Amino acid sequence: QVQLVESGGGLVEAGGSLRLSCAASGSILSINAMGWYRQAPGKERELVADITGGGRANYADSVKGRFTISKGNAKNTVYLQMNSLKPEDTAVYYCNAELLTAQRMGVRNGDYWGQGTQVTVSS
């Protein structure tokens, strides 16, 4: 019932920008943290950025100064503004959320993932 849906991926030239969005829906009581991971071909999944419910943001060294994670005006949304994109940013980007959810059987903390959105940066 809880779902994370990403959007905003696409193909851009090096130096361009994209804005990814993630919307969480379902019986969400609170958000502990939301973030973005990515997995490039031949590489392991890595954390790109995350933001806590209190608004503290963290970034991978490779994206500092170029990417900005932020909460959306709509509830349970998060954005990743990606500027000055490089070919090495090419990857599938996944939204991740640590959520406190209300389910029929009770309340639980859980780690949820979106389906991923492809970001391709051409040289």
Side-chain angles (χ1 to χ4, degrees):
Q1 189 172 16
V2 174
Q3 293 182 319
L4 301 180
V5 179
E6 306 106 326
S7 63
L11 173 64
V12 298
E13 296 181 352
S17 298
L18 285 173
R19 186 176 179 87
L20 306 183
S21 64
C22 175
S25 63
S27 300
I28 301 170
L29 300 178
S30 64
I31 300 174
N32 298 327
M34 296 186 72
W36 293 91
Y37 288 74
R38 68 186 181 188
Q39 186 167 20
K43 295 185 177 181
E44 298 295 323
R45 184 184 64 188
E46 64 176 355
L47 174 68
V48 177
D50 61 18
I51 187 166
T52 68
R56 177 188 289 181
N58 294 291
Y59 300 92
D61 289 340
S62 60
V63 306
K64 286 182 178 178
R66 300 188 297 120
F67 292 9
T68 302
I69 189 169
S70 62
K71 298 178 181 178
N73 291 329
K75 294 182 179 179
N76 302 331
T77 60
V78 65
Y79 297 105
L80 184 68
Q81 179 67 46
M82 305 186 295
N83 298 325
S84 302
L85 283 162
K86 304 175 181 179
E88 50 263 45
D89 295 318
T90 296
V92 177
Y93 284 70
Y94 298 91
C95 182
N96 173 262
E98 298 176 17
L99 306 175
L100 181 67
T101 62
Q103 301 177 346
R104 182 176 295 274
M105 296 183 65
V107 178
R108 68 177 293 267
N109 283 295
D111 195 30
Y112 297 88
W113 293 90
Q115 79 286 350
T117 184
Q118 177 70 47
V119 172
T120 302
V121 184
S122 64
S123 59

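These numbers were taken from a predicted model, which means no experiment stands behind them.
V92 and M34 fall into different hydrophobic clusters, where Ile, Leu, Val, Met, Phe, Trp and Tyr residues are linked whenever their side-chain heavy atoms come under 4.5 Å apart, directly or through other members. Tracing side-chain contacts under 4.5 Å through hydrophobic residues (I, L, V, M, F, W, Y), one reaches L85 starting from V63; they form part of the same cluster.
A ring-ring contact (aromatic ring centres under 6.0 Å, His included) check over residues 37-82, counting only residues at least two apart or in different chains, returns the pairs Y37-W113. Applying the salt bridge (charged side-chain N to carboxylate O under 4.0 Å, His left out) definition to pairs two or more places apart or across chains, none involves residues 113-123. Sorted by first and then second residue, the salt bridge (charged side-chain N to carboxylate O under 4.0 Å, His left out) pairs involving residues 14-26 (not counting sequence neighbours) form an empty list.
A salt bridge links R66 with D89: the distance from a Lys NZ or Arg NE/NH1/NH2 to an Asp or Glu carboxylate oxygen falls below 4.0 Å.
Residues S17 and M82 are not in side-chain contact: their nearest non-hydrogen atoms beyond the backbone lie 4.5 Å or more apart. The closest side-chain heavy-atom distance from V121 to L18 is not below 4.5 Å. T120 places a side-chain heavy atom less than 4.5 Å from the side chain of Q118. Residues S27 and Q1 meet the side-chain proximity criterion, which asks for heavy atoms closer than 4.5 Å. Contact annotation: the side chain of Q81 never approaches that of S70 to less than 4.5 Å [non-hydrogen atoms, C-beta and beyond]. Contact check for V2 versus L99: side-chain heavy atoms found under the 4.5 Å cut-off. E6 has its side chain within reach of Q115: a pair of non-hydrogen atoms, C-beta onward, lies under 4.5 Å apart. Two residues are said to be in side-chain contact when any heavy atoms from C-beta on lie closer than 4.5 Å; V48 and Y93 meet this criterion.
When each of I51, L4, N96 is paired with V78, the side-chain contact (heavy atoms from CB on, under 4.5 Å) condition holds for I51 and for no other. Residue L100 forms a side-chain contact (heavy atoms from CB on, under 4.5 Å) with just one option from V107, I28, I31, and that option is V107.
Summarising the geometry, atom CD belonging to Q103 is positioned 10.0 Å from atom CG belonging to L29; distances are rounded to the nearest 0.5 Å. Between Q39 atom CD and E46 atom CD the span is 9.5 Å, to the nearest 0.5 Å. The distance from the CG atom of L80 to the CZ atom of R38 is 9.5 Å, given to the nearest 0.5 Å.
Minimum heavy-atom separation, V119 to G9: CG2-CA, 4.2 Å. A pairwise comparison of heavy atoms in T90 and P41 identifies O-CD, 4.3 Å as the closest pair. G55 and K71 get closest at one heavy-atom pair: N-NZ, 3.7 Å. Residues G114 and Y94 approach most closely at O-CD2, 3.8 Å, considering heavy atoms.
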